[in-house]
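Working notes, structure below.
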Number of protein chains: 2
Amino acid sequence: MTTRDSEGLIEDRARELEDALRAKGVRITRQRAALIEVLSRAEDHPDATELHRRAQDIDASVSLSTVYRTLSVLEQQNVVHRHAFEGAPARFEPADAPHHDHIIDIETGDVLEFHNERIEKLQAEIAAELGYEVVRHRLELYCRKRKG
Amino acid sequence: MTTRDSEGLIEDRARELEDALRAKGVRITRQRAALIEVLSRAEDHPDATELHRRAQDIDASVSLSTVYRTLSVLEQQNVVHRHAFEGAPARFEPADAPHHDHIIDIETGDVLEFHNERIEKLQAEIAAELGYEVVRHRLELYCRKRKG
DNA sequence: CTATCTGCAAACCCTTTGCAGACCA
DNA sequence: TGGTCTGCAAAGGGTTTGCAGATAG
């Protein structure tokens with residue numbers, strides 16, 4: 001796949017997202033389009049300030065408040081997920097990736113993703129035993145790279 | 001066991017803690033003693049404001065800043081654990097309980113504890129596969145009570 | 001057209017900090 | 001007594017909000 005193709009795919013995804021949102025009655029403003037574009041491109045877990053910075057490269061008028069407000073809207077629409085890792089501003093990622101948990105490198109701040117079905121099941125079982133159902137969970141492994 | 005006995009045990013625990021801290025060079029002031037007393041009695045997961053309220057019942061001079069400062073000291077000394085649950089001020093608990101994770105009732109804010117050895121092991125395995133070792137982790141199940 | 005969205009600046013909330021005085025060891 | 005600890009008030013940092021003007025549909 002060429003770069004040109006993947007650019008095209010990202011833009012397609014952004015357009016689809018916009019249409020889906022419009023269909024739900026969410027207005028797509030220049031600022032929101034810029035943020036959606038940025039989120040569609042994001043392969044990491046940027047915080048609001050970083051998203052703001054990136055969005056401004058597309059449309060310099062985007063303000064930080066609008067980034068926050070739009071992120072709230074997108075979160076409600078289940079388009080992005082918000083992660084509040086320890087002692088750091090919240091970080092965001094597109095919600096279209098399959099469910100996963102996070103490993104945070106405590107030395108670099110890098111974030112890796114993983115998924116383990118057995119852990120998911122065990123969580124549900126544990127909650128059920130106590131008379132609860134899991135609505136959402138948070139599993140974060142704060143790790144250090146192994147020497148070797 | 002009578003109430004009088006358990007009161008006695010709690011006070012003993014508080015005294016032991018104070019002595020251990022003094023041995024490590026930590027000064028035990030009136031305010032710190034009050035907070036240690038409160039923590040020794042706590043069977044829940046209070047936040048700083050609530051700890052402040054309770055400490056003031058023992059010694060009205062305790063300020064919120066001192067509560068925060070002392071909590072930091074106690075956390076460094078591994079005497080309390082700090083938990084930053086989603087969208088809420090940090091909550092604290094004595095560190096003498098065995099390791100456990102938390103279930104948070106999203107309707108009431110209640111916090112339950114659980115421990116599952118299999119999950120612990122799986123976490124370590126997952127991290128190891130990616131070349132990491134787990135320094136600490138955070139597993140929180142945000143739950144709703146089951147109907148029935 | 002008009003309800004919704006925006007930028008700006010100010011407010012918010014929890015937490016931390018600088019300072020001058022208090023107090024533990 | 002000396003170094004630490006305290007209360008107070010003010011600042012910090014991320015996030016939210018009130019407002020008057022701009023704009024999507």
Side-chain angles (χ1 to χ4, degrees), chain A residues 14-15 17-38 45-53 55-56 58-77 79-92 109, chain B residues 14-15 17-38 45-53 55-56 58-77 79-92 109:
Chain A
R15 297 301 160 281
L17 247 174
E18 288 174 13
D19 290 343
L21 287 166
R22 254 187 288 257
K24 293 209 239 173
V26 176
R27 288 194 181 172
I28 304 301
T29 61
R30 276 184 301 127
Q31 295 87 341
R32 287 180 177 188
L35 186 57
I36 288 168
E37 181 83 25
V38 166
H45 299 71
D47 61 22
T49 306
E50 176 60 24
L51 290 170
H52 180 220
R53 205 186 328 273
Q56 285 196 316
I58 298 176
D59 178 340
S61 82
V62 181
S63 76
L64 184 55
S65 348
T66 291
V67 169
Y68 274 111
R69 273 189 284 230
T70 303
L71 284 170
S72 295
V73 170
L74 298 182
E75 199 186 1
Q76 278 187 316
Q77 299 294 339
V79 166
V80 299
H81 287 153
R82 172 194 303 256
H83 302 290
F85 299 134
E86 282 184 1
R91 299 170 72 159
F92 300 83
Chain B
R15 296 301 159 281
L17 249 175
E18 289 174 12
D19 290 342
L21 287 166
R22 254 187 288 257
K24 293 209 239 174
V26 175
R27 288 194 181 172
I28 304 302
T29 60
R30 276 183 303 125
Q31 295 89 340
R32 290 180 174 185
L35 186 58
I36 288 167
E37 182 83 25
V38 166
H45 299 71
D47 62 21
T49 307
E50 176 60 25
L51 289 170
H52 180 219
R53 206 187 327 274
Q56 285 196 316
I58 298 176
D59 179 339
S61 83
V62 180
S63 76
L64 184 55
S65 347
T66 291
V67 169
Y68 275 110
R69 273 188 284 230
T70 303
L71 284 170
S72 295
V73 170
L74 298 181
E75 199 186 2
Q76 277 187 317
Q77 298 295 339
V79 165
V80 298
H81 287 152
R82 173 193 304 253
H83 302 289
F85 299 134
E86 281 184 0
R91 300 171 70 160
F92 300 82

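Labels below follow one simple rule: chain letters A, B, ... track the order of the sequence lines, proteins then strands, and each chain is numbered from 1.
The interatomic distance linking B:R69 (CZ) with D:dT4 (P) rounds to 15 Å, in whole Å. Distance CG (B:L71) to P (D:dT6): 11 Å, rounded to an integer number of Å. Rounded to a whole Å, the CZ atom of A:R91 is 12 Å from the P atom of D:dT15. Residue A:R53 contributes atom CZ, which lies 12 Å from atom P of D:dG14 at whole-angstrom precision. The CG-P distance, from A:L21 to D:dA24, rounds to 16 Å in whole Å. Whole-Å rounding puts the B:L64 CG to D:dC5 C1' distance at 16 Å. A straight line from NE2 of B:H83 to P of C:dT15 spans 14 Å, rounded to a whole angstrom. With rounding to whole Å, B:L51 atom CG is found 11 Å from C:dT15 atom P.
When the nearest nucleotides of DNA chain C are assigned to B:S72 and B:R30 by heavy-atom distance, the more 5′-ward of the two goes with B:S72. Across the interface with DNA chain C, nearest-nucleotide mapping of B:Q31 and B:A90 shows B:A90 to be the residue nearer the 5′ end.
The A:S65 side chain lies nearest to C:dA9 when the options are D:dA9, C:dA9, D:dG25. Set against D:dG18, D:dG25, D:dT23, the side chain of A:R22 has D:dG25 as its closest nucleotide. Which of C:dC23, C:dT15, C:dG7 sits closest to the side chain of A:T66 comes down to C:dG7. Distances from the side chain of A:S63 to the nucleotides D:dG7, C:dG7, C:dT16 place C:dG7 closest. Each of D:dG7, D:dT6, C:dG7 was ranked by its minimum atom distance to the side chain of B:T29; first place goes to D:dT6. Here C:dT16 is the nucleotide among C:dC24, C:dT16, D:dC8 with the atom lying nearest to any side-chain atom of B:R82. Ranking C:dA3, D:dC5, D:dT16 by closeness to the A:R27 side chain, first place goes to C:dA3. The side chain of A:P89 has D:dG14 as its nearest neighbour among C:dT6, C:dT15, D:dG14.
The salt bridge (Lys or Arg N to Asp or Glu O under 4.0 Å) check on A:R15 picks up A:E18, A:E37, with sequence neighbours excluded.
Look at B:Y68 and you won't find any side-chain N or O under 4.0 angstrom from OP1 or OP2 of C:dT16.
Within 4.0 Å (heavy atoms only), B:T49 reaches no atom of the nucleic acid at all. Within 4.0 Å of A:R32, counting heavy atoms only, lie sugar-phosphate atoms of the nucleic acid but no base atom.
Looking at B:Q31, its side chain never comes within 3.5 Å of a backbone N or O of B:V67 through a donor-acceptor pair. Side chain of B:R32 to backbone of B:R27: a donor-acceptor contact under 3.5 angstrom is found. A donor-acceptor contact shorter than 3.5 Å links the side chain of B:T70 to the backbone of B:T66.
Relative ring orientation between A:H83 and A:H81 is described as perpendicular, the plane-to-plane angle rising above 60° on a 0-90° scale split at 30° and 60°.
To the nearest 0.5 angstrom, A:L71 atom CG is 4.5 Å from A:F92 atom CZ.
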